[in-house]
Amino acid sequence: MQNEEDEEAELEVLAEFSHPVPWQKIEAQGLDLDYALLFSKEEADALFKQLEEEVMYSTGEEAKVQVFGKLHNIPRRQATYGDAGLRYTYSGRTHLACTWTPTLEYIRDAVTNATGHTFNFVLINRYRDGEDHIGEHRDDEKELDPVCPIASVSLGAARDFVLRHRDARGKRGARRLEPVKLQLAHGSLLLMNPPTNTFWYHSLPVRKKVRLPRINLTFRRILLISRGEEPANVWSL
DNA sequence: TAGTATAACGGCG
DNA sequence: TCGCCGTTATACA
């Protein structure tokens with residue numbers, strides 16, 4: 001009985017998301033992206049509104065970051081959600097995941113259905129307007145599953161997204177590799193496939209003319225056991 | 001261990 | 001307004 005109910009629920013989810021997604025492939029040396037519009041405008045509007053009500057963003061120490069020895073407030077709002085007990089460390093700070101909200105589960109399942117990948121964590125960044133931004137970095141944390149893409153869902157104001165190859169940075173940047181620039185639309189999904197994050201930095205630059213907020217959700221798969229023997233990413237099981 | 005990298009900013013062109 | 005550069009002391013196996 002229980003099994004039948006589970007199967008029915010699964011079929012419902014499949015039916016709901018099974019419309020084919022028209023992917024656009026973006027490739028360069030060591031870069032592999034897939035881009036698609038996942039949600040209609042109407043659906044994306046509704047999801048944005050629900051997230052505005054549901055998501056609780058970090059405050060205080062959690063909302064600060066240390067770079068080159070100096071402590072700064074992050075120029076955006078940030079939140080971490082995922083499976084119970086999951087931790088994620090980046091930029092020298094460890095964040096404990098809040099448990100999934102219904103809206104986040106819905107979006108996660110839509111992404112899984114469109115990509116065939118499962119995710120146990122999402123980092124949420126909210127850019128209040130075009131002044132909010134994120135600097136160049138790679139998502140290269142050890143605890144990320146190296147074979148799983150990072151799935152980036154955009155809701156709200158469209159923003160430019162820039163990727164630069166690691167060998168094209170610095171004054172005497174060795175190789176002439178052009179940056180890759182994209183605009184991430186309301187309701188879009190961008191997959192950053194391996195090995196993109198090994199070679200390419202990405203950023204969301206300031207755009208003074210943008211007046212409206214954008215919410216970005218990056219779904220990830222975090223490994224439950226680190227290279228050692230310790231269950232580093234889970235509190236207690 | 002020592003060497004390496006830096007999710008931020010301000011100062012320019 | 002945009003994009004590139006240099007920073008600096010801390011964090012990490």
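Chain letters run A, B, ... following the sequence lines, proteins first, then strands; residues in each count from 1.
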Practice item. Indicate yes or no: does A:Arg164 engage A:Glu178 in a salt bridge with an N to O separation below 4.0 Å. Key: no
Look for any protein N or O under 3.5 Å of an N or O in nucleotides 5-9 of chain B and output each such pair with its distance, or none.
unit_1	atom_1	unit_2	atom_2	d
B:dT6	OP2	A:Tyr201	OH	2.7
B:dA7	OP1	A:Ser91	OG	3.2
B:dA7	N6	A:Glu141	OE2	3.0
B:dA7	N1	A:His137	NE2	3.1
B:dA7	N1	A:Asp139	OD1	2.9
B:dA7	N3	A:His137	ND1	3.3
B:dA7	N3	A:His137	NE2	2.7
B:dA8	OP1	A:Arg76	NH1	2.7
B:dA8	OP1	A:Arg76	NH2	2.6
B:dA8	OP2	A:Gly135	N	2.8
B:dC9	OP2	A:His133	NE2	3.0

Revision key, fill the gap. A correct dot-bracket answer for DNA chain C, with pairs being Watson-Crick or G-U at under 3.5 Å, [ ] for crossing pairs and | for inter-strand pairs, is .||||||.||||.
Review point. Sequence neighbours excluded, which residues qualify as side chain to side chain contact (heavy atoms under 4.5 Å, CB included) partners of A:Pro213?
Key: A:Phe48, A:Arg126
Point to revise | N or O in side chain of A:Arg207 less than 4.0 angstrom from C:dG3 OP1/OP2 | key: yes
Review point. Can A:Arg211 and A:Asp129 be counted as an ion pair, charged N to O under 4.0 angstrom?
Key: no
Exercise for review: Would you mind telling me which residue lines up with the more 5' stretch of DNA chain C, A:Val162 or A:Arg93, judged by nearest nucleotide?
Suggested key: A:Val162
Check your understanding: Does atom NZ of A:Lys49 have more than 12 heavy-atom neighbours, drawn from other residues, nucleotides or ligands, at distances under 6.0 Å?
Key -> no
Practice item. Could you tell me whether the phosphate oxygens of C:dC5, OP1 or OP2, come under 4.0 Å of any side-chain nitrogen or oxygen in A:Arg164? Key: yes
Exercise for review: Classify the side-chain pair A:Glu136/A:Ser203 by whether it contains a donor and acceptor separated by less than 3.5 Å.
Suggested key: no
Review point. Is any side-chain N of the basic residue among A:Asp132 and A:Arg76 closer than 4.0 Å to the acidic one's carboxylate O?
Key: no
Practice item. Name the orientation class of the two ring planes belonging to A:Trp200 and A:His165 (parallel below 30°, tilted from 30 to 60°, perpendicular beyond 60°). Key: perpendicular
Review point. Is it true that A:Asp160 and A:Lys181 make a salt bridge, defined as a side-chain N closer than 4.0 Å to a carboxylate O?
Key: no
